[in-house]
Amino acid sequence: MSNNQNFHSDETGKYVVYDNTSFNSTERDDNAYDLQQFGYGKNNVKVLYVQRNGPVHSIRECEVDVRLQLTSKEDYLSGDNSRIIATDSQKNTVYILARKYGIKSPEQFALILCQHFINVYNHIEKVRAHILDYPWQRLQAGSNPHNHAFIMVPSVTRYCTVTLQRKGVPNVISGLKDLRVIKTTQSAFRGFLKDEYRTLPDAEDRIFSTVVDSSWEYSEINTVDYDRAWTTVKDCILEKFAGPPKEGIYSPSVQNTLYLAERLILDKLPEVENIEMSMPNKHYFEVNFSKFPKWLVGEGPNDTVFLPVDKPSGFIHAKLGRAKRNDELVKSKL
Ligand SMILES: O=c1[nH]c(=O)c2[nH]c(=O)[nH]c2[nH]1
């Protein structure tokens, strides 16, 4: 049966699924099983959008993952394909919507995609669009921004995930990952639990290096400047990690630095409801030169040569939300 027989387009442009009663499912005993999670889509749909304002061009290159969950499970249970929106069609949808609406930000484009699928197909229950943003930056020619040339600056990766359930409101999560940083002082770790398992000495002054992954959820999505919010989050993390350029900022532990960064972000961005962050502790240990003769290794200080030990690494994670105010608590108890 061809697609044309299964679907027709009504005057609003909506596609409606024909009833497919001829499909035989009597041989199955589906009651013995419970399909608990299902969904399908296209991953890594790469798209470059070029916006041309006369001679000044802007670009956005993205990788889009689309995931659909239909209202029925028949495609899985009986092999009835009549409702399947082919992953190839989903890929085409990404290109068509990029052409029609442009890609202003990953979040806005993900919202457009999700709304499109829910509006056009009555038999979709839930859509998720995950978008990775390529870190292109406008090339600077001396102090002049170039009209149409860009350079990739992959110091951090931006992503977002938008989920929309039929009859629901979109859930927008933005994120950054692969933000690798290191500092060579203003970090200590001392006073931690002492027992028979402990061998690590107190560190008064150590190297602190991590690869930050953070994602945050918006409580309000219509008036958000997503680009500004993303840059604010990145700047807050770097501010609490590095501090001012001359003196830096003291970190008593990764846990505390992570928490302070999350707090600053909630203070600066009222539209963010909660923020999650992980900071793996990438260890650098001093090389022990004590077994070598002095004439061989010299008299220099010991804290100049370190051994990077990427595995195992500590893993520090926390999610910070907003506490309910007293009056809200009273209201919720009534
Ligand atoms: O900042 C740290 N937090 C820890 O929990 C921990 N554990 C450890 O061995 N080193 C560190 N450093």
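Counting starts at 1 for both ligands and their atoms, following the listed order.
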J.: Mind checking whether R206 contacts ligand 1 via backbone (N, CA, C, O), side chain (CB onward), both or neither, at a 4.0 Å heavy-atom cut-off?
T.: side chain
J.: Can you name the side chain to side chain contact (heavy atoms under 4.5 Å, CB included) partners of D227, sequence neighbours left out?
T.: R60, S105, R158, D225
J.: Against the six-membered ring of F192, is R198 placed for a cation-pi contact (under 6.0 Å from the centre, within 45° of the normal)?
T.: yes
J.: Nearest 0.5 Å, what's the CZ-NZ distance between F109 and K104?
T.: 10.5 Å
J.: Output yes when a side-chain donor or acceptor of K234 lies under 3.5 Å from a complementary backbone atom of L176, and no otherwise.
T.: no
J.: Have a look at H283, Q255, M279 and point out the one with the heavy atom closest to atom 5 (O) of ligand 1.
T.: Q255
J.: Rounded to the nearest 0.5 Å, what's the gap from CD1 on I118 to CG on L164? Could you check?
T.: 4.5 Å
J.: In terms of residue, atom name and distance, what is the protein heavy atom nearest to atom 9 (O) of ligand 1?
T.: L200 CD2, 3.5 Å
J.: At a 4.0 Å threshold, what atoms of ligand 1 neighbour a non-hydrogen atom of S253?
T.: 1 (O)
J.: Within the structure, does F189 bring an N/O atom to less than 3.5 angstrom of an N/O atom in ligand 1?
T.: no
